[in-house]
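Structure record follows, encoded as structure tokens.
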Amino acid sequence: MPNPALDAPESTADSTAVTLHVLFFSVLHEKTGRRELTLTLDAPISGTDLLDHLSDEFPTIEEYRPAIRLAVNESYVAPDTQLEDGDEVALITPVSGG
Amino acid sequence: MADLPIDHKTATTWIHLSETPLDIAAADAFLHTERAGGINLFVGTTRRWTEGRETVRLAYDAYAPMAAREMRQLADEAADRWPVLRGCLLHRLGEVPVAEASVIIGVACAHRAAAFEACRWLIDTLKAQVPIWKQEVYADGSTEWVEGQLPDVHS
């Protein structure tokens, strides 16, 4: 027997939304045409989850995936790091300064 | 590029990121101090030929606020590893024509052995860790982002 309380869609007031400010540089910027984007996803979300989501939207991200390091709020992080609401996440491809 | 220039100077450390030509004389002046006996300066410049291809200029992109943060961390770590009295890391962003400087690394130490080692370590580690990327602009009109090293996560 269907239970309206259990079957009702989650209200957005109950779900934890994580808004992220994502930055692209160098080859990712060139190939996606984007410098930055803001997206809101449901928690919990890890770096890997974010890359999964971005790979769906941008084939370039999928292509470069093995060569992407994430930086959250200006620090390099492991991919399983949990992302928090308001985080600035940069996709870092192999660096070549100097 | 937004966020630029970034220019942080303390009594012992100078970090600089900008799109204008680098001032080697200013870097040198910053490094002179009475306790130093050796000053080591490394200047990276745009090279015209690489593996048979001719470059007309390099173009540098950066995650500038994080690059400055990483450069400060490098300066601090160099001062932990060696007796560094003064250190500077200056990087030019945007277009850098052939033979012009893209990066200046400088250290001043009491003795030259530490100055050579610290300077070498700083440029090698900058190239591995700092979120800056170079794009080759070749004479035939093609461009290519140089893929160097994926930075380590700091422990």
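Proteins come first, then strands; the chains are lettered A, B, ... in the order of their sequence lines, and each starts at number 1.
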May I ask you to test the His8(B)-Met71(B) pair for a side-chain heavy-atom distance under 4.5 Å? no

Does a side-chain heavy-atom distance below 4.5 Å link Thr13(B) with Val84(B)? no

Can you find a side-chain donor-acceptor pair between Thr46(B) and Glu100(B) that sits under 3.5 Å? no

Gln129(B) versus chain A, heavy atoms under 4.5 Å apart: side chain, backbone, both or neither? both

Among side-chain atoms of Asp49(A) and His53(A), is any donor-acceptor pair under 3.5 angstrom? no

Under 4.5 Å to a heavy atom of chain A? For Ala67(B) that would be neither

Interface check, chain A: of Glu70(B), Gln73(B), His91(B), Lys127(B), most non-hydrogen pairs under 4.5 Å belong to Lys127(B)

Can you say whether Val27(A) sits under 4.5 Å from chain B via the side chain, the backbone, both, or neither, judging by heavy atoms? both

Could you tell me which portion of Gln135(B) (side chain, backbone, both or neither) has an atom closer than 4.5 angstrom to a non-hydrogen atom of chain A? side chain

Decide side chain to side chain contact (heavy atoms under 4.5 Å, CB included) for Leu22(B) and Val43(B); before the verdict, give the C-alpha distance in whole Å, the side-chain angles of both, and the deciding distance to 0.1 Å. CA-CA 10 Å; Leu22(B) 298 179; Val43(B) 180; over 6 Å; no

Checking the side chain of Thr60(A) only, and the main-chain atoms of Leu28(A) only, is there a donor and an acceptor separated by less than 3.5 Å? no

If one checks every heavy atom of Trp133(B) against chain A at 4.5 Å, the contacting part turns out to be both

Heavy-atom distance under 4.5 Å to chain A: side chain of Val130(B), backbone, both or neither? backbone

Taking side chain as everything from C-beta outward and backbone as N, CA, C, O, which of these in Tyr64(A) sits under 4.5 Å from a heavy atom of chain B? Side chain, backbone, both or neither. side chain

Side chain, backbone, both or neither of Ala128(B) within contact of chain A (heavy atoms, under 4.5 Å): backbone

Looking only at the side chains, is there a donor atom on one of Ser55(A) and Asp52(A) sitting less than 3.5 Å from an acceptor on the other? no

Quickly, which of Leu54(A), Leu23(A), Leu39(A), Leu50(A) forms a side-chain contact (heavy atoms from CB on, under 4.5 Å) with Val89(A)? Name it, please. Leu50(A)

Applying a strict 4.5 Å limit to non-hydrogen atoms, the region of Ile68(A) in contact with chain B is backbone

For His21(A), does the NE2 atom sit with more than 12 other heavy atoms under 6.0 Å from it, leaving out its own atoms? yes

Between Tyr60(B) and chain A, with a heavy-atom cut-off of 4.5 Å, which part of the residue counts as in contact: side chain, backbone, both or neither? side chain

Mind ranking Ser102(B), Pro151(B), Ala101(B) by heavy-atom pairs under 4.5 Å with chain A and telling me who comes out on top? Pro151(B)

Select, from Arg35(A), Glu74(A), Arg69(A), Glu30(A), the one with the greatest count of heavy-atom pairs under 4.5 Å involving chain B. Glu74(A)

Can you tell me which portion of Ile92(A) sits under 4.5 Å from chain B's heavy atoms? Options are side chain, backbone, both or neither. both

